[in-house]
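Below is one structure, written out as structure tokens; comments come after it.
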Amino acid sequence: MQHVNVKIFAEPAEGLDARAAIPVFHRWIQTNVCPELLIDVVDYAHVPVGPGVMLIGHEANYSLDNARNRLGLLYNRKAQRDGAPRENLEAAYEAARAAAGRLEREPEFAGKLKFSSAEVEITLNDRLLYPNDDATWNSLRGDFEAFFDGIFGAGNYTVARDAGPLERFRIQGVKSR
């Protein structure tokens, strides 16, 4: 499984300005805090319900993303990665989780930004390899269930898939209360 995007949603935060991520992401480039080669920072915060502030990397991008009007940390794996599908899901999730935790601890966001551990969105960013159809879901279902079992516990979550044919293959796992 390649081109895995993982979004970890932020808990509602009043008055949070995504542009505060700009100096943070520049520091991350300067101090090599991520395992990927980081290149640049791009400000799309002026785009309503958009990609927010992006940290562009060679192998992956990170962003404080507001797509579909839901703020979160988005990890977008662009480069191919060796490994079984579940391993690639877990690696992308761990990269996203580490970045979200790091962002919470940055002085610009300390006490203002908190990410939820109760919901994860996975998007496969390749419509050719992973069309958003039942065949793709059926072929990957076991890998996704094993992945969500690992982070939420077996039977402790629900999975929802956006089945729109014009959408990328996207599912959400939500921990049961």
Side-chain angles (χ1 to χ4, degrees), residues 1-13 15-117 119-130 143-144 147 150-151 167-173:
M1 184 179 307
Q2 300 297 325
H3 312 287
V4 177
N5 290 3
V6 175
K7 186 168 182 178
I8 299 175
F9 294 98
E11 295 179 359
L16 184 74
D17 184 1
R19 288 184 176 96
I22 294 170
V24 172
F25 286 164
H26 278 292
R27 274 198 309 272
W28 289 11
I29 293 171
Q30 294 164 352
T31 58
N32 297 313
V33 299
C34 297
E36 300 89 2
L37 173 63
L38 303 175
I39 300 168
D40 202 1
V41 177
V42 182
D43 178 6
Y44 290 112
H46 62 282
V47 178
V49 191
V53 176
M54 297 180 69
L55 174 56
I56 307 299
H58 180 69
E59 299 89 358
N61 297 338
Y62 295 84
S63 59
L64 190 54
D65 175 85
N66 198 37
R68 290 180 310 287
N69 214 21
R70 296 210 49 208
L71 185 66
L73 185 286
L74 176 65
Y75 173 81
N76 172 12
R77 179 70 187 187
K78 303 182 297 185
Q80 294 261 339
R81 183 180 184 285
D82 292 334
R86 183 172 173 201
E87 291 170 347
N88 290 346
L89 281 170
E90 290 171 351
Y93 174 71
E94 287 305 319
R97 200 168 65 102
R102 193 177 304 117
L103 204 54
E104 285 177 337
R105 293 185 301 276
E106 289 289 347
E108 291 85 346
F109 294 111
K112 300 176 192 170
L113 180 63
K114 177 133 177 67
F115 291 95
S116 172
S117 61
E119 182 177 9
V120 177
E121 180 180 270
I122 309 290
T123 303
L124 301 181
N125 197 17
D126 190 321
R127 288 182 172 99
L128 181 61
L129 291 176
Y130 310 106
D143 293 310
F144 281 111
F147 168 74
I151 61 173
E167 296 290 328
R168 294 173 294 163
F169 185 89
R170 182 177 64 236
I171 64 169
Q172 286 181 307

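Owing to the predicted nature of the structure, the values given are computational and were not obtained by experimental measurement. Worth knowing before you read on, the calculation uses all heavy atoms, side chains too, and leaves out hydrogens, waters and symmetry mates.
- Remark: the backbone N or O of Asn61 is not paired with any side-chain donor or acceptor of Asn76 at under 3.5 angstrom.
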Side-chain donor-acceptor contacts of residues 40-59 below 3.5 Å, not counting sequence neighbours, with atom names and distances?
from	atom 1	to	atom 2	distance (Å)
Asp43	OD1	Ala45	N	2.8
Asp43	OD2	Arg19	NE	3.2
Glu59	OE1	Leu37	N	2.9

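- Between the CZ atom in Arg81 and the CG atom in Leu89 there is a gap of 10.0 Å [rounded to 0.5 Å].
- Side-chain contact between Leu103 and Trp28: present, with at least one pair of heavy atoms (C-beta onward) separated by less than 4.5 Å.
- Considering only heavy atoms from C-beta on, Glu90 comes within 4.5 Å of Phe147 through its side chain.
- For Lys112, the side chain to side chain contact (heavy atoms under 4.5 Å, CB included) partners at least two apart in sequence or on another chain are Leu16.
- Residue Phe25 holds its CZ atom at 11.0 Å from CD of Glu108, rounded to the nearest 0.5 Å.
- In this structure, the side chains of Tyr75 and Glu36 come closer than 4.5 Å at one or more pairs of heavy atoms.
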Residue pair Arg102, Tyr62: steps toward the side chain to side chain contact (heavy atoms under 4.5 Å, CB included) verdict: CA-CA 12 Å; Arg102 193 177 304 117; Tyr62 295 84; 5.5 Å; no
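- Residue Glu121 is tested with Lys7, Arg168, Arg70, Arg170 for a salt bridge (Lys or Arg N to Asp or Glu O under 4.0 Å); the sole match is Arg170.
- Across every non-hydrogen atom of Ala21 and Phe109, the tightest pair is N-CZ, 3.5 Å.
- Considering CG of Asn5 and CG of Asp126, their distance stands at 10.5 Å, rounded to 0.5 Å.
- Contact between Leu124 and Gln2 at its shortest, heavy atoms only, is CD2-O, 4.4 Å.
- Closest approach of Asn88 and Gly83 over heavy atoms only: ND2-O, 3.4 Å.
- Between the CG atom in Asn125 and the OH atom in Tyr130 there is a gap of 11.0 Å [rounded to 0.5 Å].
- Note that CG of Asp143 is 8.5 Å distant from CZ of Arg86, once rounded to the nearest 0.5 Å.
- At least one side-chain heavy atom of Leu64 sits under 4.5 Å from a side-chain heavy atom of Leu71.
- Between Leu129 and His3, the closest heavy-atom pair is CD1-CD2, 4.4 Å.
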Would you list the atom pairs, donor with acceptor, under 3.5 Å between side chains in residues 91-99 and any protein atom, with sequence neighbours excluded?
from	atom 1	to	atom 2	distance (Å)
Glu94	OE1	Arg97	NE	3.4
Glu94	OE1	Arg97	NH2	2.9

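- Annotation for Leu73 and Phe115: closest pair N-CE2, 3.4 Å, computed over non-hydrogen atoms.
- Separation of atoms CD (Glu104) and CD (Glu11) is listed at 8.0 Å; rounding is to 0.5 Å.
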